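In what follows, residues are counted from 1 in the order of the sequence shown. Keep in mind that this is a model prediction, so the values were computed, not measured.
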Amino acid sequence: MTFTENDKLKAFTIVQVFETSRPFGDYAAIAVLNDGAGVSYGISQFTHRSGSLAAVIREYLKNGGQTGKEVFAGVLPLLAKKSVEAINQLASDIRFKTALRSAAVTREMKAAQQKVAFDRYMRPALTICERFGFVLPLSLAVVYDSVTHGSWEWISARVDTRNPRRLANAAADTRLEQIWIT
């Protein structure tokens with residue numbers, strides 16, 4: 001079974017509420033936590049360290065985004081670096097964070113964030129759900145969130161792996177899926 005667009009939207013909105021406190025995300029959300037990831041931005045909290053923030057900026061510029069264009073072009077080489085120094089430098093760059101906030105309202109930035117979120121997080125989550133035989137939107141939300149945070153492998157390795165194999169042979173039995181996801 002494949003997930004409908006409505007199922008994907010349900011999973012997305014569940015995760016967005018936890019990410020940005022808004023069901024459809026906050027395109028302008030910016031945070032710098034003490035976790036070493038640097039700037040976290042937008043609907044999926046794209047980060048410097050993961051490379052997802054650089055992907056969003058590249059996609060935005062490719063889409064023809066003009067707001068903050070010069071600032072973004074200037075920081076792309078720094079975004080490519082994952083060193084503590086590079087991450088800290090951009091995390092404290094007021095011009096960069098201002099450009100991110102300003103660009104967030106443009107259709108080019110919204111499209112860039114949506115594309116990167118789908119390509120990097122939703123598409124792999126859909127593939128995982130298909131492999132495991134998951135059919136419930138809540139299962140997709142759990143997998144999507146785990147992929148977004150880079151913890152899917154860690155989490156799934158700690159769950160009894162017999163259930164997913166049984167799920168692949170009995171996808172219609174959502175009780176097994178619910179147990180595994182829980």
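A donor-acceptor distance shorter than 3.5 angstrom exists from the side chain of Thr98 to the backbone of Ile94, with no hydrogens or angles considered. The main-chain N or O of Gln66 is never found under 3.5 Å from a side-chain atom of Glu108 such that the two would form a donor-acceptor pair. Checked by atom type and distance alone, the side chain of Tyr27 never pairs as donor or acceptor with a backbone atom of Gln113 at under 3.5 Å. A donor-acceptor pair under 3.5 Å is absent between the side-chain atoms of His48 and the main chain of Gly36, judged by distance alone. Without hydrogens or angle criteria, Lys97 side chain to Ala91 main chain gives a donor-acceptor distance under 3.5 Å. Side chain of Ser151 to main chain of Trp154: no donor-acceptor pair is present (N/O by atom type, distance under 3.5 Å, no hydrogens or angles). Remark: the backbone N or O of Thr47 is not paired with any side-chain donor or acceptor of Ser40 at under 3.5 angstrom. With hydrogens and angles disregarded, no donor-acceptor distance shorter than 3.5 Å links the side chain of Arg101 to the backbone of Ile30.
Here the closest non-hydrogen pair linking Gln45 and Ala31 is OE1-CB, 3.9 Å. Shortest non-hydrogen contact noted between Gly68 and Ala99 is CA-CB, 4.1 Å. Heavy-atom minimum distance, Ser44 versus Tyr144: OG-OH, 3.8 Å. Between Arg123 and Asp119 the shortest heavy-atom distance is NH1-OD1, 3.2 Å. Across all non-hydrogen atoms, the minimal contact from Ser102 to Val105 is O-CG2, 3.4 Å. Taking all atoms of both residues into account, the shortest heavy-atom contact from Ala73 to Pro77 is O-CD, 3.7 Å.
Atom NZ in Lys8 sits 11.5 Å away from atom SG in Cys129 (nearest 0.5 Å). Atom OG in Ser146 sits 8.5 Å away from atom CD1 in Ile128 (nearest 0.5 Å). In this structure, Leu79 CG and Arg49 CZ are separated by 14.0 Å, a value rounded to the nearest 0.5 Å. Gln16 CD to Ile43 CD1: the interatomic distance, rounded to the nearest 0.5 Å, is 5.5 Å. Atoms CZ and NZ, on Arg120 and Lys115 in that order, are 10.5 Å from each other to the nearest 0.5 Å. Atoms OG1 and CZ, on Thr13 and Phe18 in that order, are 10.5 Å from each other to the nearest 0.5 Å.
Between the side chains of Asp145 and Thr148, no donor N or O sits under 3.5 Å from an acceptor N or O.
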Worked check of side chain to side chain contact (heavy atoms under 4.5 Å, CB included) between Val75 and Leu90: CA-CA 8 Å; Val75 301; Leu90 269 182; 3.7 Å; yes
Criterion side chain to side chain contact (heavy atoms under 4.5 Å, CB included) on Ser139 and Phe132, from CA distance to verdict: CA-CA 10 Å; Ser139 299; Phe132 280 65; over 6 Å; no
Would Met122 and Phe3 satisfy side chain to side chain contact (heavy atoms under 4.5 Å, CB included), going step by step from the backbone distance to the final call? CA-CA 11 Å; Met122 184 60 79; Phe3 289 98; over 6 Å; no
Begin from the C-alpha positions of Leu76 and Leu61 and carry the test side chain to side chain contact (heavy atoms under 4.5 Å, CB included) through to its verdict. CA-CA 11 Å; Leu76 272 174; Leu61 294 172; 3.8 Å; yes
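In the hydrophobic clustering of this structure, Ile181 does not group with Ile14; members are Ile, Leu, Val, Met, Phe, Trp, Tyr whose side-chain heavy atoms approach within less than 4.5 Å, directly or through other members. Linking ILVMFWY residues whenever their side-chain heavy atoms come closer than 4.5 Å, directly or via other members, places Val15 and Leu126 in the same cluster.
In this structure, the side chains of Leu100 and Val39 come closer than 4.5 Å at one or more pairs of heavy atoms. A heavy-atom distance below 4.5 Å is not found between the side chains of Phe72 and Thr67. Side chains of Phe134 and Leu140 form no contact here, defined as non-hydrogen atoms less than 4.5 Å apart. Put simply, the side chain of Pro124 does not reach to within 4.5 Å of the side chain of Trp152, judged on heavy atoms.
Cluster partners of Val17, using a side-chain heavy-atom cutoff of under 4.5 Å among ILVMFWY residues and allowing indirect links: none.
Applying the side chain to side chain donor-acceptor pair (under 3.5 Å) test to every pair with at least one member in residues 55-65, sequence neighbours left out, gives no pairs at all.
With sequence neighbours excluded, no residue forms a ring pair (Phe, Tyr, Trp, His ring centres under 6.0 Å) with Phe96.
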